[in-house]
Every structure is written in structure tokens, then in C-alpha cells.
Amino acid sequence: MPVNISDVMSGKKIELIPRDPGKIGIYVCGVTVYDRCHIGHLRSMLSFDSIIRHLEYRGYIVNYVRNFTDIDDKILNRAEEIIEGENGDWRKHERYLTYTENEWNQRLDDDRKIREINKSSGNPLALDVSDYFISQFEADISPYGMRAPDVQPRVSTHMDDIIDLIRKIIANGFGYESGGDVYFDVEAYHSETGNYGVLSRRDYSQLREGARVSPGDLKKNGVDFALWKAARAGEVSWDSPWGKGRPGWHIECSAMSCNYLGTSFDIHGGGKDLIFPHHENEIAQSEAGYREKFARNWMHNGFVTVDGVKMSKSLGNFLSLDDAAQLAQPETWRFLVLSVHYSSPIDFSRTRKNAEGEIIRGSVDVAAERVQYFYQTIARVNELLENIEIMSDVPSIKPEIAGRLVEKFNNAMDDDINTAVAITYLGEAAKAINELASMKKKEVRKIGEESYYFTLSELRRELMICASVLGIFQRNPNEFLEEMKNFEIKRRGLTHNEIQSVIDLRKEAKDNRNFNKADELRDSLLEKGIMIKDMPGFTTWDIRF
RNA sequence: GGCGACGUCGCCAAGCGGUAAGGCAGAGGUCUGCAAAACCUUUAUCAUCGGUUCGAUUCCGAUCGUCGCCUCCA
């Protein structure tokens with residue numbers, strides 16, 4: 001069965017037909033490295049990770065390109081702010097109004113480190129800023145186990161490609177130089193192709209009316225955008241036919257994607273917020289310069305929302321990857337992302353009480369609990385199957401799922417990478433495993449041990465195949481569960497010793513048949529998210545989300 | 001204001017023309033000193049109103065509501 005994807009350009013779900021049979025070239029807009037990343041970036045990368053993993057699982061040779069925009073206005077601003085120093089006027093800027101104390105501490109700490117690096121690097125400060133945040137980015141995302149891009153091009157090392165593309169655009173009559181800047185002539189492009197605004201479903205004439213040309217503007221037209229910006233005094237710059245300067249935003253993605261994937265390639269991806277103007281402008285530039293259809297398919301991931309509202313810096317409701325690492329383990333984040341279709345928004349929430357005082361489980365806590373459930377299930381089946389010889393010529397006792405799991409999973413994933421549905425099939429398999437695992441010996445003998453163990457083994461085999469495509473449940477289950485316990489008690493401000501001492505006190509109470517006291521002690525831990533479990537002959541505990 | 005998306009059980013979330021997956025929470029059960037885990041059973045006609053169709057949650061139109069983009073953003 002072919003892989004179908006929702007193409008944003010056509011607005012339809014279509015069969016993915018690669019330009020070169022068996023190969024997929026995909027370009028995903030990466031990050032602009034002027035600051036630390038947030039969970040919106042993480043969601044985007046994890047979403048595309050699942051897309052790429054599935055394509056590779058389906059046998060495609062995937063060429064994955066994800067850029068770093070390391071030259072940009074925001075990076076230059078950051079460099080200027082660092083030069084101004086910790087007490088500069090920049091701190092009064094609107095965008096810093098919502099900064100918390102922690103955010104300020106981190107911000108100033110980063111600035112200090114960059115300043116230190118710059119003292120001995122001999123580089124322009126702006127490039128040290130981007131270098132620093134690229135390292136930070138790599139450190140922040142490494143725990144998530146994502147399929148690394150084949151190429152991670154940077155703007156600063158692709159100036160020749162960018163300048164070359166701008167020359168082509170001008171030569172073709174779609175760009176003009178103005179006072180050291182170069183602009184894209186949207187009017188010329190649209191009047192020839194009628195194509196401007198097609199991806200974002202915007203009406204060109206309205207866009208044109210809406211865009212004002214302010215006095216002193218070097219543009220012919222309000223909708224025109226910069227391909228090249230002349231350097232201001234002191235700024236890092238590159239030589240070009242139009243004088244010293246740097247690329248405008250958008251052109252780098254056109255030049256780098258086409259450089260690595262060809263001027264017409266299979267999939268272009270990124271966050272939904274990039275559709276306009278970034279991707280619209282990329283299309284215009286690329287097609288104006290290379291005179292060929294740019295990306296053949298467009299895929300965009302949805303936002304992360306917090307309590308239903310888009311995460312944004314101005315609202316002060318964004319979570320950095322540092323926050324993410326404090327809140328939940330990498331696999332929980334991955335699971336949360338996979339449990340929603342990539343194009344839908346993910347509402348991030350913590351467990352809280354509603355107006356009626358009822359407990360509403362937060363999405364992160366629910367995800368963590370499910371991850372725990374799956375690992376416990378895998379640990380359980382591993383234990384059951386240890387030293388068991390599996391017969392293969394026996395009937396399955398779970399025919400609706402064992403032997404069909406991979407097929408169902410594939411169908412869901414082939415249907416626009418529907419990880420949300422795919423994951424529910426993993427849930428069916430885990431449930432079937434637990435059902436079998438809960439059976440008494442007598443029941444097992446009744447249905448036949450050979451079928452019983454064969455079915456368990458099949459369920460585990462298929463579960464692990466699917467999980468590996470999704471990039472989850474690859475750890476040793478017992479090690480993972482131990483790590484999860486440590487992570488969660490730390491987050492709850494508890495230690496193993498504290499928990500053990502409550503358990504000891506409770507055992508004493510139980511031995512004295514003082515069950516009220518024993519229950520009180522148990523409930524005291526439960527309030528802190530620790531569940532005591534009485535096992536045959538001993539007592540243990542587990543995390544409760 | 002323009003454009004776009006969405007509105008499915010208390011909460012989250014699939015569904016893409018044939019009479020509503022799954023998870024969480026709730027209720028009942030097996031188990032247990034009581035619990036917990038695990039498993040079993042159980043809870044919806046899909047914002048509203050029209051239209052197309054043999055048949056619509058799925059297509060079209062209108063209304064209400066929510067959100068996003070239109071300035072930097074994954």
C-alpha cells in the first residue's frame with residue numbers, strides 16, 4: 001500500500017509519489033539560532049521524525065535536510081544587546097516584559113558565555129551567538145533520539161549559493177537592486193505566474209492593498225521582500241555584487257534546499273506558522289530563480305498550545321527545552337507528540353482541578369502514565385517468556401490482534417502518518433498481553449500452553465516492531481522504569497529513604513493490625529503521587545501520575 | 001476587517017459518504033485486611049439550522065462559538 005499524505009498546497013490527501021522512485025528528499029525548516037529552543041520546536045522535530053522514520057521503514061531512502069538559520073535580524077539584535085551589556089536599554093523592550101527571574105538568569109548567563117567565547121574566537125559576535133545556540137540546540141535535543149538530518153546546512157556557509165540564486169532571480173526579471181538592498185518583485189512574479197498566495201490561500205490583490213510602503217522604503221511595492229540586505233555599520237557582512245550585506249529571511253531556505261535536494265524535490269515541511277510569509281516567499285523565489293516547480297508536497301505540523309492558547313513569547317506561556325526536561329522524560333514528550341496527529345494542535349497541560357474541584361488529568365501526566373504502562377507491560381511479557389521455547393505451528397488465541405498488529409499499524413501510518421491511531425493499536429496489543437499475563441495457570445493449561453506462549457511472543461514481536469518505527473519503548477524496560485521512578489520522585493521532592501521509612505512504619509502498623517494507621521500512612525504517600533503496593537510477602541511502591 | 005482551521009462522551013483524541021477507535025476520569029466486578037496494579041463490564045448520534053444523497057459526524061450553505069494567520073515565530 002502506498003503512503004498517503006495531506007498536501008497543504010492542494011489541500012488534499014494524496015499518494016506520495018517520489019520524484020525518483022524509492023527515494024524521498026525532504027527539507028524541514030529548522031531553527032533560527034538566536035536563543036534557546038522551546039517545546040514548539042521539539043514538537044515540530046518529533047513530528048517530522050515520525051514521518052521520516054515511517055518513510056524509511058517503508059523502504060524509502062530518505063534524504064533529510066534541516067537547516068540552521070544562523071544569520072538573521074534576530075541574531076544581529078542579540079549580538080547588539082550583548083554588546084550593550086547587561087544594563088542596556090534593550091531590557092526594556094516589550095518582548096522581555098514577561099521574562100521570569102529564571103529566564104533572566106539564563107538569558108544573562110548565556111550572554112556572558114557568548115561574550116567570553118567571543119574574546120578568543122576572532123569571529124564576528126553574531127556568528128558566536130549562532131554557534132553557541134547551535135551547540136545548545138544539539139545538547140537539548142540529543143536525549144530525544146531523533147533520526148539525525150543527513151545535512152544541517154547553515155546560511156553562513158552557503159553565501160555563494162544564495163548570491164547565485166539572487167542573481168538568477170534578478171536576471172529573470174523578478175528582483176531589483178535598490179540602495180544596496182535587493183528585493184523580490186512580487187508584482188512581476190504574480191502577474192506572470194498568478195501563483196503568489198496559493199499555498200497560504202491568500203488573495204494577491206488584497207495582500208497588495210494591505211501592505212504599505214512606508215516613507216523612505218526602498219521597495220517598489222509593499223509586498224516585496226528583501227533578498228539581500230545592505231550591511232549596517234559594524235554588522236557582520238559578506239561581499240556581493242550589490243555590495244557588502246547579508247541575505248534576507250526566506251532566501252536561505254530556497255538556496256539550501258535546492259542545493260541539496262535539487263530544484264524540485266519531494267517534501268517541504270515546517271510549522272504551520274511558516275506557511276505565510278516564509279514558505280510562500282520560498283516558492284516565489286525558487287520558482288522565479290530556477291524556473292521549476294519547487295516542493296512537490298507541503299507538510300506542516302500544528303502548534304503547541306497551553307490551555308488552548310498558542311504558546312508565544314509575548315504571552316509568557318512558552319516552555320523551553322530546559323523546562324521540558326524538568327517536567328517529563330524524553331520518551332514522555334515523544335509519546336505525547338505521537339498521541340496527536342502531526343497537523344493538529346497539541347494542548348499541553350498539567351493535572352489540575354476544575355471549577356467543580358474535579359481533577360482533570362494533564363496531557364503530560366497522561367502521556368507519562370501510558371509510557372509507564374507500556375514499559376511495565378513489556379517487562380511483564382519479557383519475564384513470562386524467559387526460558388520459554390516458542391512453538392510456531394499453533395493457533396493464536398488473540399487472532400484479532402496477534403498476527404495483525406503490524407498490518408493495522410502500517411495502515412494507520414500509511415494514512416497520513418496517523419500516529420494517534422497507530423498508538424492505539426499498540427495499546428490493544430499491550431492490553432492483550434496483560435490479559436494473558438493475568439490468567440491463572442489452570443486457565444492457561446485449559447487453552448493450551450503452546451498457543452498461550454506463542455500468542456504472547458507474537459504480540460511482543462509485533463509490538464516491538466511498531467514501537468521501533470515510532471522510536472518508543474526501545475530501552476531495557478526495568479532500567480527505564482527505575483529511571484522513571486528516580487526522575488519522578490525527584491520531581492516530587494522525595495527520596496527513596498523517605499518513602500521506605502513510611503513503608504516501614506506502615507508495616508509495623510499492619511503487623512499490629514492497626515489498619516487505620518496503615519491506611520493513613522498509605523494515603524499520605526498517595527497525596528504525593530506515590531502508590532504503595534502490597535505484593536505477596538513484601539511491599540513496594542510505584543509512581544502515580 | 002481579510003483569509004484559514006476547528007467545534008465528536010466530564011477531559012483528551014481518532015474518524016475523510018454507509019449508521020461513532022482509543023486513552024483519562026466515573027460506575028460495577030475479579031483480586032485484596034483495605035488498597036494498588038492488571039483484566040472484565042458499562043457511559044455519545046458528533047455546536048445549531050437547512051440542503052445534496054438510498055444513506056452524512058463525514059459533502060454544500062447559513063448561524064453561533066473557539067482558535068490561528070495577516071509583524072518575528074515550529
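The basis for the numbers below is simple: all heavy atoms, side chains too, and nothing from hydrogens, waters or symmetry mates. Protein chains get the first letters and strands the later ones, always in sequence-line order, with residue 1 at the start of each.
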Complementary nucleotide for B/A47 - Watson-Crick or wobble, under 3.5 Å:
B/U63

Sorted by position of nearest nucleotide on RNA chain B, 5' first, the leading residue of A/A518 and A/Q206 is A/Q206

Across all strands shown, which nucleotide pairs with B/G26 by Watson-Crick or G-U wobble geometry, both distances under 3.5 Å?
B/U42

For A/H300 and A/W298, take the angle between the two ring planes, folded into 0 to 90°, and tell me which bin it lands in: parallel under 30, tilted 30 to 60, perpendicular over 60.
parallel

Atom CG of A/N514 and atom C1' of B/G33: how far apart are they, to the nearest Å?
12 Å

I'd like the C1' distance from B/G51 over to B/U58, given in whole Å.
15 Å

Validation row: A/M299, A/D416 side chains within 4.5 angstrom (heavy atoms)
yes

Does the side chain of A/N418 get closer than 4.0 angstrom to OP1 or OP2 of B/G15 through an N or O atom?
yes

Assign the ring pair A/Y375 / A/F473 to parallel, tilted or perpendicular, where the plane angle (0 to 90°) is split at 30° and 60°.
perpendicular

Contact under 4.0 Å: A/N434 side-chain N or O vs B/C39 OP1/OP2
yes

Distance between C1' atoms of B/A21 and B/U43 (Å, rounded)
16 Å

For atom C1', what is the distance between B/G15 and B/G29, given to the nearest Å?
32 Å

So which of A/V31, A/I141, A/L321 actually passes side chain to side chain contact (heavy atoms under 4.5 Å, CB included) with A/H41?
A/V31

Would you say B/U30 has OP1 or OP2 under 4.0 Å from some side-chain N or O of A/K440?
no

Is a donor-acceptor pair below 3.5 Å formed from side chain A/R361 to base B/G26, judging by atom type as modelled?
no

Separation of atom CG in A/L456 from atom P in B/C39, rounded to whole Å:
13 Å

Are OP1 or OP2 of B/C39 and a side-chain N or O of A/Y373 less than 4.0 angstrom apart?
yes

N or O in side chain of A/K510 less than 4.0 angstrom from B/A35 OP1/OP2:
no

Using Watson-Crick or G-U wobble geometry with both distances under 3.5 Å, which nucleotide pairs with B/A37?
none

Interatomic distance at C1', B/C9 relative to B/C59, whole Å
25 Å

With a 3.5 angstrom cut-off on both distances, give the Watson-Crick or G-U wobble partner of B/A56, or none if there isn't one.
none

Does the aromatic ring of A/F515 sit over the six-membered base ring of B/G33, closer than 5.5 Å centre to centre and tilted less than 30°?
yes

First of A/S438 and A/I532 reached from the 5' end of RNA chain B, by closest nucleotide:
A/I532

I'd like the P distance from B/U48 over to B/G10, given in whole Å.
13 Å

Checking N1-N3 plus N6-O4 or O6-N4 for Watson-Crick, or N1-O2 and O6-N3 for wobble, each under 3.5 Å, the partner of B/U19 is none

Mate of B/C3 where both pairing distances stay under 3.5 Å, Watson-Crick or G-U
B/G68

Classify the ring geometry between A/H250 and A/F225 as parallel (under 30°), tilted (30 to 60°) or perpendicular (over 60°).
perpendicular

OP1 or OP2 of B/A14 under 4.0 Å from side-chain N/O of A/S344
yes

